[in-house]
Colleague: 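Provided herewith is a single structure, encoded as structure tokens, for subsequent inquiry.
Here is how names work: the chains are called A, B, and so on, in the same order as the sequence lines, proteins then strands, and each is numbered from 1.
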Number of protein chains: 2
Amino acid sequence: MNLVLNDGSPDLSENQKLVMDLLERKSGPLSAYMILDELRDSGFRAPLQVYRALEKLISIGKVHRVESLSAFIACSHMSCEKLGVTAFVICDKCENVQEVSDESISLFVTDLAIKTKMKAAKSNIELHGLCDGCQNI
Amino acid sequence: MNLVLNDGSPDLSENQKLVMDLLERKSGPLSAYMILDELRDSGFRAPLQVYRALEKLISIGKVHRVESLSAFIACSHMSCEKLGVTAFVICDKCENVQEVSDESISLFVTDLAIKTKMKAAKSNIELHGLCDGCQNI
DNA sequence: ACAAAATAGTTATAGTATAACATAACATAC
DNA sequence: GTATGTTATGTTATACTATAACTATTTTGT
């Protein structure tokens, strides 16, 4: 049993912590196999160790999967559990990824769900293009 | 040289036509390998034949890739070349996919691009959940 | 301590996509 | 019309992404 006072976030297993720390250090998106390679020295041997850790981290909102990159990125919002819907804005040149999460995003998703009579479970919103910096080169 | 009068859509190669017809017949999303299997009798032997046809069809807006399904679907709008941005609404139960393309979608994408100072090239908007029918079962 | 349940490790394999090279089809110049 | 360059297509091999099935370990409740 866990008697330690904490901030409300669930305890993470060793593997989950390793993956989380790595994603936070790198800050950009990493593929599952990049994560595996980076964590070999920490004892990772197989993809499933990565995927299982990611599954947990995604379920608690600390990591997101960027579908169009088949990659994973640490949540930039102190965890999205509360905030709900986010969008990713991806520069195809410098590969920088911004995570955007504001009222307009969740409003849009809510409206879309109503309009299509859907009970929404999950959304992926990803915008590719050139970031401010890369447009002017 | 092509001197035939047509509706403005570019000529498609035999393989491209086969893939396009299949996607239109099925109307739902198909993975590249499902397409390959369906077209073996028509002479398809290798994944690349499918991917190359898809690349072309996607570039002219007649087919979309649904990122979160790793699958491909015929455009339901007579081709999206003009219409621009679309969103996909996916029922996780019956696997039906609706393509939505209206002002509110493109407005949202435009706003997001401005807000993030991006020159947008491509967007993926995908909403997963339960459709109207599947909610009441 | 023991049984049941949850967690983690391992091996093998399925599913998705592209690189690299070979061949064929087609256009244009000569 | 044949040589030549260009584009489209075919083929083989391989890389990348993800999960199934099984085993071992750890944790938890009694």
Side-chain angles (χ1 to χ4, degrees), chain A residues 1-4 10-23 28-60 63-73 90 92 95 122 124 126 128, chain B residues 1-4 9-23 28-60 62-73 90 92 95 122 124 126 128:
Chain A
M1 168 130 67
N2 169 26
L3 291 172
V4 179
D11 290 332
L12 297 180
S13 74
E14 198 54 32
N15 285 355
Q16 290 156 12
K17 269 185 248 170
L18 286 165
V19 171
M20 191 69 234
D21 288 352
L22 177 65
L23 285 172
L30 293 178
S31 77
Y33 283 74
M34 287 181 207
I35 294 170
L36 177 57
D37 283 343
E38 294 273 354
L39 294 180
R40 278 193 202 282
D41 294 343
S42 310
F44 275 55
R45 310 293 309 279
L48 251 181
Q49 293 173 290
V50 177
Y51 282 106
R52 288 210 270 236
L54 287 171
E55 183 180 32
K56 173 71 173 189
L57 295 169
I58 290 168
S59 77
I60 62 176
V63 168
H64 299 290
R65 185 175 196 279
V66 185
E67 298 289 341
S68 57
L69 300 177
S70 295
F72 304 88
I73 191 167
I90 301 148
D92 293 325
E95 299 186 312
K122 184 168 164 289
N124 306 115
E126 297 167 15
H128 284 259
Chain B
M1 171 132 61
N2 169 26
L3 292 174
V4 179
S9 60
D11 290 334
L12 297 180
S13 74
E14 198 53 31
N15 285 355
Q16 289 156 12
K17 270 186 246 169
L18 286 165
V19 171
M20 190 69 234
D21 288 353
L22 177 66
L23 285 171
L30 293 178
S31 76
Y33 282 76
M34 287 182 208
I35 294 171
L36 177 58
D37 283 343
E38 295 273 353
L39 294 181
R40 278 193 203 282
D41 294 344
S42 310
F44 275 54
R45 312 292 309 278
L48 215 55
Q49 294 174 288
V50 177
Y51 283 106
R52 290 209 270 234
L54 287 171
E55 185 182 30
K56 172 71 173 189
L57 295 169
I58 289 168
S59 76
I60 62 176
K62 286 181 157 317
V63 168
H64 299 290
R65 183 174 196 278
V66 185
E67 297 290 342
S68 57
L69 300 176
S70 295
F72 304 88
I73 191 167
I90 300 147
D92 294 324
E95 300 185 313
K122 182 167 167 288
N124 306 114
E126 298 169 14
H128 283 259

Colleague: Can you check the Met34(A) CE to dC16(D) C1' distance for me, whole Å?
Modeller: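 Atom CE in Met34(A) sits about 10 Å away from atom C1' in dC16(D).
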Colleague: Quick check: closest heavy atoms across His128(B) and Leu69(B), and the distance to 0.1 Å?
Modeller: CE1-CD2, 4.1 Å
Colleague: What is the distance, to the nearest angstrom, from the CZ atom on Phe72(A) to the C1' atom on dC16(D)?
Modeller: 12 Å
Colleague: Kindly give the heavy-atom pair with the smallest separation between Gln16(B) and Leu57(B), and that separation in Å.
Modeller: O-CD1, 3.7 Å
Colleague: Kindly compute the distance separating CG (Leu30(B)) from CG (Leu22(B)), expressed to the nearest 0.5 Å.
Modeller: 5.5 Å
Colleague: Using only side-chain N and O atoms of Ser31(B), determine if any of them is under 4.0 Å from OP1 or OP2 of dG15(C).
Modeller: no
Colleague: Over how many whole Å does the gap from Asp11(A) atom CG to dT28(D) atom P extend?
Modeller: 10 Å
Colleague: Supply the atom-to-atom distance Lys56(B) NZ to Lys62(B) NZ, rounded to the nearest 0.5 angstrom.
Modeller: 11.0 Å
Colleague: Under 5.5 Å centre to centre and under 30° between planes: does that hold for Tyr33(A) and the six-membered base ring of dC16(D)?
Modeller: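 Ring-base stacking flag not set for Tyr33(A) and dC16(D).
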Colleague: Quick one, which residues of residues 37-51 of chain A touch DNA chain C with a heavy atom under 4.0 Å?
Modeller: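 Under 4.0 Å from DNA chain C: Arg45(A), Ala46(A), Leu48(A), Gln49(A).
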Colleague: Strictly below 4.0 Å: does Asn15(A) bring a side-chain N or O up to OP1 or OP2 of dT7(C)?
Modeller: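 For Asn15(A), the contact criterion (side-chain N or O under 4.0 Å from OP1 or OP2 of dT7(C)) is not met.
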Colleague: Which side-chain N or O atoms in residues 47-54 of chain A pair as donor and acceptor under 3.5 Å with protein atoms at least two apart or in another chain?
Modeller:
unit_1	atom_1	unit_2	atom_2	d
Gln49(A)	OE1	Arg45(A)	N	2.6
Gln49(A)	OE1	Ala46(A)	N	2.9

Colleague: If you look only at distance, which donor and acceptor atoms sit under 3.5 Å apart when one is on a side chain in residues 34-41 of chain A and the other is two or more places apart or in another chain?
Modeller:
unit_1	atom_1	unit_2	atom_2	d
Asp37(A)	OD1	Arg40(A)	NE	3.3
Asp37(A)	OD1	Arg40(A)	NH2	3.4
Glu38(A)	OE2	Lys26(A)	NZ	3.3

Colleague: Between atom CD in Glu14(A) and atom P in dT25(D), what is the gap in whole Å?
Modeller: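 Nearest whole value for this atom pair: 19 Å.
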Colleague: Between atom CD in Glu55(B) and atom P in dT16(C), what is the gap in whole Å?
Modeller: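 Between P of dT16(C) and CD of Glu55(B): 19 Å.
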Colleague: In whole angstrom, give the distance that lies between atom CG of Leu36(B) and atom P of dT11(D).
Modeller: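 After rounding, the reported distance stands at 12 Å.
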Colleague: In whole Å, what is the span from the CZ atom of Arg52(B) to the P atom of dT23(C)?
Modeller: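 Rounded to the whole Å, the gap is 15 Å.
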Colleague: Given atom CG of Leu54(B) and atom C1' of dT9(D), what is their separation to the nearest angstrom?
Modeller: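 Leu54(B) atom CG is separated from dT9(D) atom C1' by 15 Å.
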Colleague: Ser68(B) and Glu67(A): which non-hydrogen atoms are nearest, and at how many Å?
Modeller: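 It is CA-OE1, 3.6 Å.
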